[in-house]
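Being a predicted model, the structure only gives us computed values, none of them experimental.
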Amino acid sequence: MPSIATYLRLRPSTKPSPDFEVTEDEPNVLKVKVPKSDSQDADTTQQFQYNFRFATIFPMDCSQEDVFTAVGERVCKRFLEGYNCTIFAYGQTGSGKTFTIEGTSAQYEKRGLLPRCLDYIYSALKEQEAEAVTVAVTYLEIYNDTAYDLLNASSGANARLPKVSVSDRGTSCVVHNLTQHPAPSLDVAQNLVFMGRTNRTVASTSMNLTSSRSHSVFTLHLSFKRPGADTIVKAKLNLVDLAGSERVSKSHAAGQRLQEAKHINLSLHYLEAVIIALQQQSSKGGSKKHIPYRNSLLTKLLRDSLGGNCLTAMVATISSVQSNKSESVSTCRFAQRVALVDNDARRNEVLDDKTIIKRLRRRVAELQAELSVAQELAKAAKGSEEDDGDTPIDRAKCANLMKAYVHGKVRDPLAAVTQAKALRYCFDILRQMVLEQRAQVDELETSVAEGMKNKEQLQHLRQKFGVAKARMRNLESRVVKPTKYGRSPTKGPPTRTASKRSGGSSGSSTATSSTSKSSSRSMTRSQSDASASQRSQSKPRQRQARVRPEQHRQQQAPGRRTKKKQGVNKTRAQRTLVLLGRKEQELLYALEDISDKVEAQRQVVNYCQKYAQHRYQSERMREREMQEDQAQLAAQVIEIQNGRLELEDALGLTFDDVVAEAEASSSTSRRTATSASEPRRPEQAGIQRSKTFAGASKSRSSAGPAQMEEDPELLELKRREQATKDRLMALKRDMQADQAKQQQQQQKLKRKRKDLSTA
């Protein structure tokens with residue numbers, strides 16, 4: 001709902017106070033400085049600063065044309081569109097309210113809002129192509145809380161003005177004994193305005209020589225009809241010049257002027273009470289609250305303008321003199337409260353009575369013609385029934401005739417029916433056929449919708465399968481590890497790292513273990529040579545046993561140089577493996593996050609499908625986009641897992657082993673940096689591996705299947721994967737069958753619709 005627009009106008013003064021300030025950065029904000037204490041002995045440096053915001057602030061040197069362009073022209077445009085509008089001026093006595101609304105007749109450029117609005121409206125009506133344009137004018141004043149008609153023709157210069165009464169009618173008011181004068185032209189309207197200004201009560205006070213002692217309300221009523229429309233647009237424009245509030249201590253009013261000041265201040269007090277109640281009602285979200293419109297006659301007349309069906313604009317006028325600072329601050333505070341009031345403005349259109357009468361007459365004629373035709377048909381049917389008598393109906397012939405008509409074989413089936421009873425029976429058969437066809441169409445549409453739902457479920461299951469497959473590969477990479485190059489989850493610790501875990505042994509035990517190792521190596525070499533010779537003699541076609549690199553180097557001649565076996569770059573491969581592992585972990589976390597989001601979005605879609613159909617399509621599209629992102633992320637995870645597994649096979653190490661080795665090396669380097677003089681521990685020498693990466697990969701490939709068979713968790717994961725694949729294949733087969741069935745049903749549906757269209 002639009003709020004009331006508030007404007008501020010500063011009265012020109014020769015000695016303006018420096019406490020009133022409007023900056024160029026904020027041209028619509030008035031800054032007023034007020035001391036903290038009103039006593040004369042108070043410190044003037046301690047001041048408050050009030051910031052009052054308005055739609056537009058008119059400076060002291062602004063013209064009447066500027067005020068009309070900003071306020072009157074905007075209101076007049078909405079008035080010509082069919083809206084009720086109101087402009088009222090509020091402020092201290094002598095601040096320029098009457099000058100803003102009415103202006104002066106001495107100079108043409110100093111006309112106020114009232115004559116300028118009339119000129120604009122009549123010029124616009126001449127340019128519009130409207131029909132049945134009527135303009136009427138009313139002008140009243142409220143003097144001492146009593147309303148008087150200012151446009152009474154019988155009132156002369158000294159005649160008493162007739163009183164006007166106001167009564168409530170629902171949410172608006174009705175004015176009795178108020179004359180409404182037609183104003184077909186601008187000259188007539190201006191003459192009526194001049195007559196009302198002449199009859200208005202004006203007196204001289206110490207603050208204003210021509211002070212208005214009453215509130216005046218000028219109303220312009222407009223009604224017109226647009227070409228070709230059945231409605232009439234009705235609107236009214238109110239221009240209200242409120243009497244200024246005054247302090248008796250400054251105006252020194254006495255006698256009749258004092259009574260007038262009491263009634264003026266009391267009516268403005270009731271107006272402020274209405275504004276405060278409307279502000280509280282707007283702040284509470286439109287909850288109903290008692291608005292004291294009946295306290296005064298002014299608030300009754302302004303009931304539609306304040307919180308009703310009206311577009312309202314307020315012009316607050318203040319004086320920038322230091323002596324009037326308190327009244328100016330009070331006026332600005334009142335304007336801020338008015339700006340918070342919401343109105344319910346709407347275009348006023350009513351149906352034209354003449355148009356309604358013409359439409360009803362046309363409808364009566366049509367109904368009479370239809371009634372006469374129906375009566376003639378009834379007479380003819382009654383005569384045919386009397387002629388038919390008890391002649392039996394050939395039901396089989398009627399059924400075949402309707403079937404032929406539906407299939408397009410017969411163009412005019414009524415020509416073959418001569419009996420009235422047979423004709424009614426043919427229509428009954430045709431209606432039954434149409435209902436059966438409609439039921440079949442509904443059944444086919446239901447089956448097609450179910451097939452589409454199964455298709456969406458299959459797509460969702462595919463996405464779930466991709467996510468489960470990615471998670472299974474991640475678990476498989478963590479469970480299956482090489483048995484000789486790291487810790488195995490099923491077997492005990494490897495023998496190569498035994499010396500590392502026995503870090504507290506002495507030097508003699510180390511020497512003994514080294515001699516035992518050398519003897520065991522020599523025994524192993526001799527046993528392997530013997531077994532190799534036996535296998536070569538017994539099975540000459542079988543591949544010979546592999547000789548370890550260190551054994552091969554010991555068997556070769558001392559002077560012969562051996563060519564090193566080519567392997568992968570260990571440092572670069574380990575770095576790549578670490579990067580791949582970390583990227584995989586990030587993607588897995590992201591995949592779990594987007595899976596949770598997809599599940600939450602699915603719940604939102606289900607809720608919208610049941611309770612919010614207007615949001616179902618948008619939420620459904622969002623769910624599909626999230627599912628596509630989930631599938632793409634799952635594909636990236638699978639691709640990175642494949643690369644990591646290949647790199648682990650080539651390197652002979654897993655991601656966890658590489659990370660642990662890197663942490664161990666970093667901690668070792670830190671310890672060696674702090675204690676460089678300490679001797680090297682024996683377990684650190686056993687960290688280096690003697691096998692090549694090719695041999696490590698082969699040993700891992702030979703030990704991998706046995707370890708996978710022994711791990712129950714991996715077997716369970718594979719079993720679940722196989723079950724999911726089987727279920728996916730079954731769903732694919734069901735989906736193909738459903739698609740074939742849907743195609744048949746759609747073809748059948750097309751044929752049925754074609755038959756119905758021909759019928």
Side-chain angles (χ1 to χ4, degrees), residues 84-90 98 101-102 114 134-183 189 192-193 195-203 212-223 234-243 256 259-275 277-278 290-310 312 343 348 350:
N84 295 336
C85 301
T86 299
I87 302 175
F88 71 95
Y90 179 90
T98 305
I101 297 296
E102 298 179 358
L114 177 55
T134 59
V135 182
V137 171
T138 61
Y139 205 173
L140 63 88
E141 72 169 355
I142 302 174
Y143 177 72
N144 291 343
D145 205 20
T146 304
Y148 297 95
D149 187 5
L150 296 177
L151 298 180
N152 189 11
S154 62
S155 62
N158 298 322
R160 298 180 62 181
L161 298 175
K163 294 183 180 181
V164 177
S165 61
V166 180
S167 61
D168 296 332
R169 187 180 64 181
T171 58
S172 61
C173 63
V174 179
V175 183
H176 304 281
N177 199 24
L178 180 64
T179 58
Q180 187 172 346
H181 299 266
L192 293 172
V193 171
M195 183 190 301
R197 290 175 59 183
T198 304
N199 294 330
R200 189 177 178 186
T201 304
V202 179
S212 301
R213 312 308 294 173
S214 63
H215 310 296
S216 67
V217 180
F218 176 85
T219 305
L220 184 69
H221 300 269
L222 173 66
S223 64
K234 292 185 178 181
K236 62 180 181 179
L237 174 63
N238 300 319
L239 288 101
V240 184
D241 180 18
L242 298 178
Q256 185 65 23
Q259 295 297 326
E260 294 171 354
K262 288 181 181 180
H263 286 92
I264 290 171
N265 293 337
L266 184 61
S267 61
L268 294 178
H269 168 70
Y270 288 140
L271 176 62
E272 186 174 5
V274 169
I275 294 298
L278 291 172
H290 173 67
I291 310 299
Y293 288 113
R294 300 180 181 178
N295 289 347
S296 67
L297 187 60
L298 177 63
T299 53
K300 285 183 181 180
L301 290 173
L302 297 180
R303 184 168 186 171
D304 292 338
S305 303
L306 302 175
N309 178 21
C310 187
T312 306
N343 286 355
N348 302 307
V350 295

Return the set of residues passing salt bridge (Lys or Arg N to Asp or Glu O under 4.0 Å) with E102 (not counting sequence neighbours), or none when no residue passes.
-> R197, R200
With sequence neighbours left out, write down each residue that passes side-chain contact (heavy atoms from CB on, under 4.5 Å) with T219, or none if nothing qualifies.
-> T138, V217, H221, K236, N238
For side-chain contact (heavy atoms from CB on, under 4.5 Å), just list the numbers for N348 and V350, CA-CA rounded to whole Å, side-chain angles, deciding distance to a tenth of an Å, and then say yes or no.
-> CA-CA 7 Å; N348 302 307; V350 295; over 6 Å; no
Side-chain donor or acceptor of T312 paired with backbone N/O of S305 under 3.5 Å = yes
How about Y90 and L268: do any of their side-chain heavy atoms sit closer than 4.5 Å?
-> yes
For A243 and S212, work out which heavy atoms get closest and say how close.
-> CB-O, 3.7 Å
Answer yes or no: is there a donor N or O on one side and an acceptor on the other, between the side chain of N144 and the main chain of T146, under 3.5 Å?
-> no
So salt bridge (Lys or Arg N to Asp or Glu O under 4.0 Å) across residues 261-271, not counting sequence neighbours, yields none
Do N343 side-chain atoms and C310 backbone N/O form a donor-acceptor pair below 3.5 Å?
-> yes
List the steps, then state whether side-chain contact (heavy atoms from CB on, under 4.5 Å) holds for L222 with L237.
-> CA-CA 8 Å; L222 173 66; L237 174 63; over 6 Å; no
Can you list the steps and then say if L301 with I142 is a side-chain contact (heavy atoms from CB on, under 4.5 Å)?
-> CA-CA 10 Å; L301 290 173; I142 302 174; 3.4 Å; yes
Could you walk me through whether E141 and D241 pass the side-chain contact (heavy atoms from CB on, under 4.5 Å) check?
-> CA-CA 9 Å; E141 72 169 355; D241 180 18; over 6 Å; no
Short side-chain to backbone donor-acceptor contact, N199 and L150, under 3.5 Å = yes
So, do N177 and D149 sit near enough that their side-chain heavy atoms are less than 4.5 Å apart?
-> no
Which residues satisfy the ring-ring contact (aromatic ring centres under 6.0 Å, His included) test with Y139, sequence neighbours excluded?
-> F218
Report yes if the side chains of L306 and I275 come closer than 4.5 Å at any heavy-atom pair, otherwise no.
-> yes
Residues passing the ring-ring contact (aromatic ring centres under 6.0 Å, His included) test with Y148, sequence neighbours excluded, are none
If we ignore angles and hydrogens, is there a donor and acceptor under 3.5 Å between the side chains of T134 and S223?
-> yes
Have a look at L298 and tell me which of L242, L266, D145, V274 forms a side chain to side chain contact (heavy atoms under 4.5 Å, CB included) with it.
-> L242
Would you tabulate the side-chain donor-acceptor contacts of residues 161-168 under 3.5 Å, counting partners in other chains and residues two or more places apart, or write 'none'?
residue : atom : partner : partner atom : Å
S167    : OG   : H176    : NE2          : 2.8
D168    : OD2  : R294    : NE           : 2.8

Between atom SG of C173 and atom CZ of R303, what is the distance when rounded to the nearest 0.5 Å?
-> 8.0 Å
On a heavy-atom basis, the closest approach of S296 and S267 is OG-O, 4.4 Å
Looking only at heavy atoms, which two atoms of L151 and V137 are closest? And how far apart?
-> CD1-CG1, 4.0 Å
Is there a donor-acceptor pair closer than 3.5 Å between any side-chain N or O of T299 and the backbone N or O of Y293?
-> yes
